Amino acid sequence: MASVPFHYVELRTFCYATEDEHRVADALDHFLPSRGDDDPRDPPELERSETEGFNGDRILVFSTRLERADDVRHVLSVLAEADAMDQVLDELDDRVDDNCAFFLSLDKQAAFGGRTELGEGITLRAKVEAYPAKRETAVENARETFADLAAAGD
């Protein structure tokens with residue numbers, strides 16, 4: 001994939017009081033590129049914020065925003081491992097909003113185990129490149145990208 005069809009990718013997950021925060025961070029790391037010792041670039045940074053649930057319990061929010069083309073390509077290559085690329089293609093009209101943002105929910109437990117599956121726990125939001133910035137153009141650009149990913153996964 002020479003060109004990158006997204007301006008950026010954001011990933012976010014919650015860590016509830018009953019979960020181990022290191023395991024939750026590891027689940028999110030499944031989608032992030034690692035940097036070798038010979039790579040001068042800084043690794044993507046996980047932002048961590050704390051909030052409170054309805055009953056006063058602590059909730060940690062882990063998030064990151066990837067803007068480098070290589071980092072976005074890495075996330076797309078991890079998404080290509082999912083068995084549900086055909087399902088994503090079928091639902092694409094519902095997954096792109098009027099602001100040209102693409103949304104996907106990923107299984108947090110599977111990600112912790114090193115697998116990529118649709119599910120709940122991790123939210124992916126990606127800004128689709130579209131010129132002009134219209135929803136229909138964004139859907140077609142995303143469709144082309146995910147069709148390529150589905151074909152690469154076959």
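All values below were derived from every heavy atom in this structure, side-chain atoms included, with hydrogens, water molecules and symmetry-related copies excluded. Just so you know, these numbers come straight off a predicted model, no measurement behind them.
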Least distance between heavy atoms, Thr64 atom then Pro44 atom: OG1-CB, 4.3 Å
Least distance between heavy atoms, Val96 atom then Ala138 atom: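 Looking at all heavy atoms of both residues, the closest pair is CG1-CB, 4.0 Å.
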Non-neighbouring partners of Gln87 that pass side-chain hydrogen bond (donor to acceptor under 3.5 Å, both in side chains), sequence neighbours left out: Glu91
Heavy-atom side-chain proximity of Ser77 to Leu149 below 4.5 angstrom: no
Val88 vs Leu79 side-chain heavy atoms within contact, under 4.5 Å: no
What distance separates [X] [atom1] from [Y] [atom2], expressed to the nearest 0.5 Å?
{"X": "Arg12", "Y": "Ser49", "atom1": "CZ", "atom2": "OG", "result": "9.0 Å"}
{"X": "Glu21", "Y": "Glu19", "atom1": "CD", "atom2": "CD", "result": "11.0 Å"}
{"X": "Asp71", "Y": "Leu76", "atom1": "CG", "atom2": "CG", "result": "11.0 Å"}
{"X": "Leu11", "Y": "Leu106", "atom1": "CG", "atom2": "CG", "result": "7.5 Å"}
{"X": "Glu81", "Y": "Phe31", "atom1": "CD", "atom2": "CZ", "result": "8.5 Å"}
{"X": "His7", "Y": "Cys100", "atom1": "NE2", "atom2": "SG", "result": "8.0 Å"}

Derivation and outcome, side chain to side chain contact (heavy atoms under 4.5 Å, CB included), residues Arg135 and Asp97: CA-CA 7 Å; Arg135 182 181 174 283; Asp97 69 8; 6.0 Å; no
Let me check something: any side-chain donor-acceptor pairs from residues 50-62 under 3.5 Å, sequence neighbours excluded? List them with distances.
none

Steps toward side chain to side chain contact (heavy atoms under 4.5 Å, CB included) verdict (Leu46, Leu32): CA-CA 10 Å; Leu46 279 183; Leu32 303 180; 4.0 Å; yes
Could you list the donor-acceptor pairs under 3.5 angstrom formed by side chains in residues 113-130, with sequence neighbours left out?
| unit_1 | atom_1 | unit_2 | atom_2 | d |
| --- | --- | --- | --- | --- |
| Arg115 | NE | Glu117 | OE2 | 3.1 |
| Thr116 | OG1 | His30 | NE2 | 2.9 |
| Thr116 | OG1 | Val78 | O | 3.2 |
| Arg125 | NH1 | Tyr8 | OH | 2.8 |
| Arg125 | NH1 | Glu10 | OE1 | 3.4 |
| Lys127 | NZ | Asn99 | O | 2.4 |

Taking the side chain from [X] and the backbone from [Y], do they hold a donor-acceptor pair closer than 3.5 Å?
{"X": "Thr145", "Y": "Pro5", "value": "no"}
{"X": "Lys108", "Y": "Phe14", "value": "yes"}
{"X": "Asp107", "Y": "Ala110", "value": "yes"}

Trace of the side chain to side chain contact (heavy atoms under 4.5 Å, CB included) decision for Thr137 with Asn141: CA-CA 6 Å; Thr137 307; Asn141 289 348; 4.0 Å; yes
Residues in salt bridge (charged side-chain N to carboxylate O under 4.0 Å, His left out) contact with Glu136, at least two apart in sequence or another chain: none
Pair listing, ring-ring contact (aromatic ring centres under 6.0 Å, His included) test, anchored in residues 133-152, at least two apart: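 Of all non-adjacent pairs touching residues 133-152, those that pass ring-ring contact (aromatic ring centres under 6.0 Å, His included) are Phe102-Phe146.
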Non-neighbouring partners of Arg23 that pass side-chain contact (heavy atoms from CB on, under 4.5 Å), sequence neighbours left out: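 Partners of Arg23 by the side-chain contact (heavy atoms from CB on, under 4.5 Å) criterion, ordered by chain and then number, come out as Asp20, Gln109, Phe112.
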Atom CG of Asp93 with >12 non-hydrogen neighbours under 6.0 angstrom: yes
